[in-house]
Amino acid sequence: EVQLVESGGGLIQPGGSLRLSCVDSGFTVRNNYMSWVRQAPGKGLEWVSLIKTDDGTYYADSVKGRFTISRDNSKNTLYLQMNSLRVEDTAVYYCARGLSGGRCCHFDSWGQGTVVTVSS
Amino acid sequence: DIQMTQSPSTLSASVGDRVTITCRASQSIVTWLAWYQQKSGKAPKLLIYEASSLESGVPSRFSGSGSGTEFTLTISSLQPDDFATYYCQQYNSFWTFGQGTKVEIK
């Protein structure tokens with residue numbers, strides 16, 4: 001069973017940095033498409049970033065140049081390095097597994113989320 | 001960028017009602033569309049992928065249809081557990097979610 005667990009969220013001042021982690025004991029991270037999706041308080045879902053099985057990376061325009069997605073296969077861990085954080089980055093951040101049945105991806109397994117609050 | 005627009009934003013319904021939610025794409029996404037259910041404080045749950053394929057374990061009262069730019073999610077007989085917010089998501093070109101439809105008790 002896929003069980004994704006995020007960590008690393010917290011309260012950070014504007015301009016600061018955080019690194020989120022997502023781990024699954026079932027080796028999901030190393031073998032799959034993986035993504036980060038966020039949800040601002042009271043708002044809808046927003047796709048943030050995705051890493052493909054060939055390690056190609058993709059970013060939403062709102063975070064491009066500030067966020068970096070990566071994974072450490074030896075630790076079966078997905079990361080999201082977030083730099084130059086803004087108040088509008090405040091959200092619950094979910095990691096999710098992407099499945100491709102001809103086109104990448106719909107997201108079939110999600111973590112419980114980690115809260116990032118950017119505030120002075 | 002492909003924009004996804006859901007309607008309605010809020011839907012009031014009773015247990016046993018047939019419920020339909022619409023999702024429109026700003027350009028053709030063929031059938032590369034998924035539907036998710038999210039309850040307050042919880043992670044989203046995949047219901048439908050590739051416009052009409054039911055995810056394993058999801059009750060058969062949920063169904064999806066459509067292609068191109070117009071899609072629907074139908075709940076054939078609304079159950080108490082179905083009161084939640086529903087999102088569509090396209091994956092034809094990058095990944096975009098609709099703004100959500102909240103299904104509330106009438």
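In this text the structure is predicted, and so the values were computed from the model without any measurement. Note on naming: letters A, B, ... go to the chains in the order of the sequence lines (proteins, then strands), and numbering restarts at 1 for each one.
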> Can you get from A:V63 to A:M34 by hopping between Ile, Leu, Val, Met, Phe, Trp and Tyr side chains that sit under 4.5 Å apart?
Replying inline: yes
> Which answer fits A:Y94, side chain, backbone, both or neither, if we ask what part of it has an atom under 4.5 Å from a heavy atom of chain B?
Replying inline: side chain
>> Show, in sequence, the C-alpha distance, side-chain angles and deciding distance for A:L99 and B:L46, and conclude whether the side chain to side chain contact (heavy atoms under 4.5 Å, CB included) test is met.
In response: CA-CA 11 Å; A:L99 291 185; B:L46 176 67; 6.0 Å; no
> Same cluster or not: are A:L11 and A:L80 linked, directly or through other Ile, Leu, Val, Met, Phe, Trp or Tyr residues, by side-chain heavy atoms under 4.5 angstrom apart?
Replying inline: no
>> Report which part of B:N92 has an atom under 4.5 Å of a heavy atom belonging to chain A: side chain, backbone, both, or neither.
In response: both
> Minimum heavy-atom separation for A:G102 to B:W32, with atom names?
Replying inline: C-CH2, 3.9 Å
>> Can you tell me how the ring of A:W47 sits relative to the ring of B:F94, calling it parallel under 30°, perpendicular over 60° and tilted otherwise?
In response: tilted
>> Is it the case that the side chain of B:W95 and the backbone of A:C104 share a donor-acceptor pair, with hydrogens and angles ignored and the cut-off at 3.5 Å?
In response: yes
> What distance separates A:H106 NE2 from B:E55 CD, expressed to the nearest 0.5 Å?
Replying inline: 6.0 Å
>> With a 4.5 angstrom heavy-atom cut-off, is it the side chain or the backbone of A:V92 that approaches chain B, or both, or neither?
In response: neither
>> One pair to check against side chain to side chain contact (heavy atoms under 4.5 Å, CB included): B:Y49 and A:D108. What are the steps and the verdict?
In response: CA-CA 9 Å; B:Y49 61 95; A:D108 76 318; over 6 Å; no
> Same cluster for B:M4 and B:L11 if Ile/Leu/Val/Met/Phe/Trp/Tyr side chains link at under 4.5 Å?
Replying inline: yes
> Between CZ of A:R103 and CG of B:L33, what distance do you get to the nearest 0.5 Å?
Replying inline: 13.0 Å
> When heavy-atom pairs shorter than 4.5 Å are enumerated against chain B, which of A:A96, A:S109, A:G111, A:G44 gives the highest number?
Replying inline: A:G44
> When hydrophobic residues are tied together by side-chain contacts of less than 4.5 Å, even through go-betweens, does A:I69 share a cluster with A:Y58?
Replying inline: no
> In this structure, are over 12 heavy atoms from other groups packed under 6.0 Å from A:Q3 atom CD?
Replying inline: no
> What are the two closest heavy atoms between A:W110 and B:A43, and how far apart are they?
Replying inline: CB-CB, 3.9 Å
>> I'd like to know if A:L78 and A:F67 are part of one continuous hydrophobic network [Ile/Leu/Val/Met/Phe/Trp/Tyr, side-chain heavy atoms within less than 4.5 Å].
In response: yes
> Is the number of heavy atoms from other residues, nucleotides or ligands within 6.0 Å of CG (A:D55) greater than 12?
Replying inline: yes
> Applying a criterion of heavy atom separation less than 4.5 Å, what residues of residues 72-91 of chain B form contacts with chain A?
Replying inline: B:Y87, B:Q89, B:Y91
